[in-house]
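Below is one structure; the comments refer to it alone.
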Amino acid sequence: MRRITLTQYLVEQQREKGIVSGELRLLIEVVARACKSISNAVSKGALTGILGNAGSDNVQGEAQKKLDVISNEVLLEANEWGGHLAAMASEEMEHPHQIPNRYPRGEFLLLMDPLDGSSNIDVNVSIGTIFSVLRCPEGVTPDEQAFLQPGSKQVAAGFAVYGPSTILVLTVGNGVAGFTLDREMGSWILTQPKIEIPADTSEFAINMSNRRNWGPAVTRYIDECLAGKTGPLGKDYNMRWVASMVADVYRILTRGGIFMYPQDAKHKEGRLRLMYEANPMSMIVEQAGGAATNGMQRILDVQPAKLHQRVGVILGSRNEVERVTGYHREMQKS
Ligand code: AFP
């Protein structure tokens, strides 16, 4: 089988489909190279003393792991000199990172969750990096306000999963492709040219320990799944919850499923961050034929008010997401 690299894929998207500019291609290649470095650091685990807490908190008040901080620094250093970015924003930084004056500035804004699934780092479970690309509005200082665009404005989105193999999932708005890292060559090899999510599923992903906090729509849906063949959905369901969004979403891209982290009595705004978790994942899921809502509206239509705002997330197999979203709408009317 002819091995197509990420670079060849991007050149094809640029040359044949005209949807990837030279600057966007450079941005994606630089982020992908940074993900290789992070994958390498993650794979060394306890050998290099990088496990455990960094002794600091992020803007969300969450304890930062050493690898959270390292991954953020790897991405900043890789991206700030290339001339493709106007600024960067990250889960690990309260304010956007401006491009130093000694470097040229570009047209794009990069948002990232440098290491998603931090609670899984020390127990050797798959974790990853999530990124989203927006255009910086013309003639605008790339401050927080410049980033506050709905997810429908994204020009690219992707994530890496540092698992048994290291996978990069990418969309530039023309479907979803998957690449596997060939560590010997140091190349991302195209292994899934066109990822498509099955419209139906019999597998749900949710943190069941939050059950007492859920609203009626989610409670109704999960109870129907648990009722199995004899229940209203007429089939048995399986459950998975990795607690690394990258791993759960990659599984759904591969075999279907529904992922839910809804707003609830404990997470009134939701738990997941809109700008650098929900938006990139929603673009990817929709580009793969799935759906992504916050229970009431398409996530990509949400107009952000704050850089680190949270949102309820229901995404995956289209028919299942539409069912749960329908329950939310029914409950709202009653
Ligand atoms: P951490 O990065 O703090 O581990 O959070 C991971 C995450 O943002 C997302 O990747 C998971 O789906 C979700 O949170 C797991 O949340 P719970 O730990 O409450 O199950």
Side-chain angles (χ1 to χ4, degrees), residues 35 38 41-42 45 50-72 75 89-93 111-132 157-163 167 169 203-214 218 222 239-254 257-282 284-285 290 292-295 299 307-316 321:
C35 289
I38 295 169
V42 165
I50 54 169
L51 299 183
N53 288 351
S56 53
D57 290 349
N58 64 17
V59 65
Q60 339 274 343
E62 296 159 346
Q64 288 179 305
K65 298 285 189 180
K66 289 177 191 168
L67 268 170
D68 281 323
V69 177
I70 291 166
S71 302
N72 192 57
L75 284 155
S90 157
E91 177 186 356
E92 304 308 330
M93 303 184 300
L111 300 101
M112 51 209 179
D113 180 356
L115 205 61
D116 173 66
S118 308
S119 55
N120 282 324
I121 293 172
D122 298 349
V123 293
N124 200 38
V125 170
S126 297
I127 49 182
T129 299
I130 308 172
F131 66 92
S132 165
F159 65 91
V161 190
Y162 310 125
I167 303 272
V169 173
E203 191 163 71
F204 67 86
I206 194 166
N207 182 336
M208 289 294 284
S209 70
N210 292 323
R211 192 186 191 294
R212 65 186 178 285
N213 302 319
W214 296 340
V218 173
I222 295 298
M239 194 204 102
R240 285 285 182 276
W241 186 251
V242 182
S244 287
M245 190 181 194
V246 290
D248 283 312
V249 171
Y250 183 70
R251 183 190 59 255
I252 288 168
L253 289 169
T254 306
I258 182 169
F259 171 99
M260 296 192 284
Y261 217 118
Q263 287 173 271
D264 63 23
K266 181 181 167 192
H267 309 88
K268 294 192 179 352
E269 281 191 21
R271 172 180 157 96
L272 304 181
R273 275 61 61 142
L274 173 63
M275 298 304 292
Y276 38 80
E277 287 176 322
N279 272 344
M281 289 308 201
S282 297
I284 289 163
V285 163
T293 75
N294 62 3
I299 285 177
L307 185 59
H308 298 289
Q309 81 181 56
R310 298 172 189 262
V311 69
V313 177
I314 298 165
L315 61 76
V321 171

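Each ligand, and each atom within it, is numbered from 1 in the order the structure gives. What you see is a predicted model, and the numbers here were worked out from it, not measured in a lab.
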Requested in this report: Please state which part of Leu272 comes within less than 4.0 Å of ligand 1, counting heavy atoms only: side chain, backbone, both or neither.
Outcome: side chain
Query raised in the report: Of all the non-hydrogen atoms in the protein, which one sits nearest to atom 11 (C) of ligand 1, and at what distance?
Result: Ala243 O, 3.5 Å
Report summary line: In ligand 1, the atoms that come under 4.0 Å of a heavy atom of Ser119 are 4 (O)
Query raised in the report: Below 3.5 angstrom, do we get any N/O pair linking Asp248 and ligand 1?
Result: no
Query - From the candidates Arg310, Met245, Glu277, the one that places a heavy atom nearest atom 8 (O) of ligand 1 - result: Glu277
Requested in this report: Give a yes or no on whether the backbone of Val311 and the side-chain of His267 come within a donor-acceptor separation of less than 3.5 Å.
Outcome: no
Query raised in the report: In terms of residue, atom name and distance, what is the protein heavy atom nearest to atom 19 (O) of ligand 1?
Result: Tyr261 OH, 2.6 Å
**Report entry** Ring centre gap for Trp241 and Phe204 strictly below 6.0 Å
**Finding:** no
Query - Asn210 side chain to Asn213 backbone, donor-acceptor under 3.5 Å - result: no
Query - Donor-acceptor contact present, side-chain Thr129 to main-chain Leu115, <3.5 Å - result: no
**Report entry** OG on Ser90 to NE2 on His308, rounded to 0.5 Å
**Finding:** 7.5 Å
Query raised in the report: Can you check whether Asp116 reaches Tyr276 side chain to side chain, under 4.5 Å on heavy atoms?
Result: no
Query raised in the report: For Asn124, does the CG atom sit with more than 12 other heavy atoms under 6.0 Å from it, leaving out its own atoms?
Result: no
Query raised in the report: For the side chain of Gln263 and the backbone of Lys268, is there at least one donor-acceptor N/O pair under 3.5 Å apart?
Result: yes
Report summary line: ligand 1 to Ser244, heavy atom cutoff 4.0 Å, flagged ligand atoms 10 (O)
Report summary line: Nearest heavy atom to atom 14 (O) of ligand 1, choosing from Met208, Arg271, Arg273, Lys266, belongs to Arg271
Requested in this report: Give the numbers and elements of all ligand 1 atoms closer than 4.0 Å to a heavy atom of Asn207.
Outcome: 17 (P), 19 (O), 20 (O)
Query raised in the report: Do any heavy atoms of Glu62 fall under 4.0 Å from ligand 1?
Result: no
Query - Numbered atoms of ligand 1 (with element) below 4.0 Å of Asp116, judged on heavy atoms - result: 6 (C), 7 (C), 8 (O), 9 (C), 10 (O)
Query - Atoms of ligand 1 close to Phe259 [distance to a heavy atom under 4.0 angstrom, numbered from 1] - result: 12 (O)
